[in-house]
Amino acid sequence: MRLLEGDLAHPWTLRELAEKLPMVPGSLVRLFKSAVGLPPMAYLAQQRAEAAAALLLQDDRPISQIGASVGWPDPNYFARRFKAHFGLSARAYRSRFSDDSAFLRTWLHAES
């Protein structure tokens, strides 16, 4: 988990991850899934989507740049993966939740 989370933008493969541990890929998948509940590459996709969601609300860079920064440099692939995870496009996510995020940051700052 730490390897994946430590470098989301890296183009991880199951084979490379297994070699770094060192394990055979099949054993890695079984062990990872029993500990985390997801296979390693599904876990990576989940972490990338959640990191992208946070960046969409905190950063005004173009959506394609945010996708690349979390490891999905192909804008179309990023769009599909993001929508599969959150049920709406990155653009819709940003517009729907960025106002709430700005309000929350302002409110938290006022409280401190």
- Note on the structure: Sorted by chain and residue number, the side-chain contact (heavy atoms from CB on, under 4.5 Å) partners of Ala92 (sequence neighbours excluded) come out as Leu88, Ser89
- Pair listing, ring-ring contact (aromatic ring centres under 6.0 Å, His included) test, anchored in residues 14-33, at least two apart: Phe32-Tyr43
- Set of residues satisfying ring pair (Phe, Tyr, Trp, His ring centres under 6.0 Å) with respect to His10, sequence neighbours excluded: Trp12
- Task: Give the cluster check for Leu57 versus Leu8: same hydrophobic cluster or not, with ILVMFWY residues linked at side-chain heavy-atom distances below 4.5 Å.
- Result: no
- Item | Within residues 62-75 or reaching into it, pairs that qualify as side-chain hydrogen bond (donor to acceptor under 3.5 Å, both in side chains) - sequence neighbours excluded | none
- For Ala42, all residues meeting side-chain contact (heavy atoms from CB on, under 4.5 Å), sequence neighbours excluded: Leu38, Pro39
- Not counting sequence neighbours, which residues clear side-chain contact (heavy atoms from CB on, under 4.5 Å) with Ser95? List them please. none
Which side-chain N or O atoms in residues 17-27 pair as donor and acceptor under 3.5 Å with protein atoms at least two apart or in another chain?
{"residue": "Ser27", "atom": "OG", "partner": "Arg30", "partner atom": "NH2", "Å": "3.4"}

- Note on the structure: Rounded to the nearest 0.5 Å, the CD1 atom of Ile63 sits from the CG atom of Leu55 at a distance of 12.0 Å
- Item | salt bridge (charged side-chain N to carboxylate O under 4.0 Å, His left out) against Asp59, all qualifying residues, sequence neighbours excluded | Arg61
- Determine, using the 4.5 Å side-chain heavy-atom cutoff (strictly less than), whether Leu31 and Met41 are members of one ILVMFWY cluster. yes
- How close do Pro73 and Gly71 get, heavy atom to heavy atom, and via which atoms? CD-O, 3.2 Å
- side chain to side chain donor-acceptor pair (under 3.5 Å) filter on Gln46, not counting sequence neighbours, yields Glu50
- Considering all heavy atoms of both residues, which atom of Leu4 and which atom of Pro40 are nearest to each other, and what is their separation? CD1-O, 3.7 Å
- One should read off an interatomic distance between Arg96 CZ and Arg91 CZ, to the nearest 0.5 angstrom, of 14.5 Å
- Message: Could you work out, with side chain to side chain donor-acceptor pair (under 3.5 Å) as the rule, every residue matching Arg94, not counting sequence neighbours?
- Response: none
- Note on the structure: Those residues at least two apart in sequence (or on a different chain) that pass ring pair (Phe, Tyr, Trp, His ring centres under 6.0 Å) with Phe82 are Phe78, Phe86, Tyr93
- Got a second to check how far Asn76's CG is from Arg80's CZ, nearest 0.5 Å? 6.5 Å
- Separation of Leu44 CG from Thr13 OG1 (nearest 0.5 Å): 10.5 Å
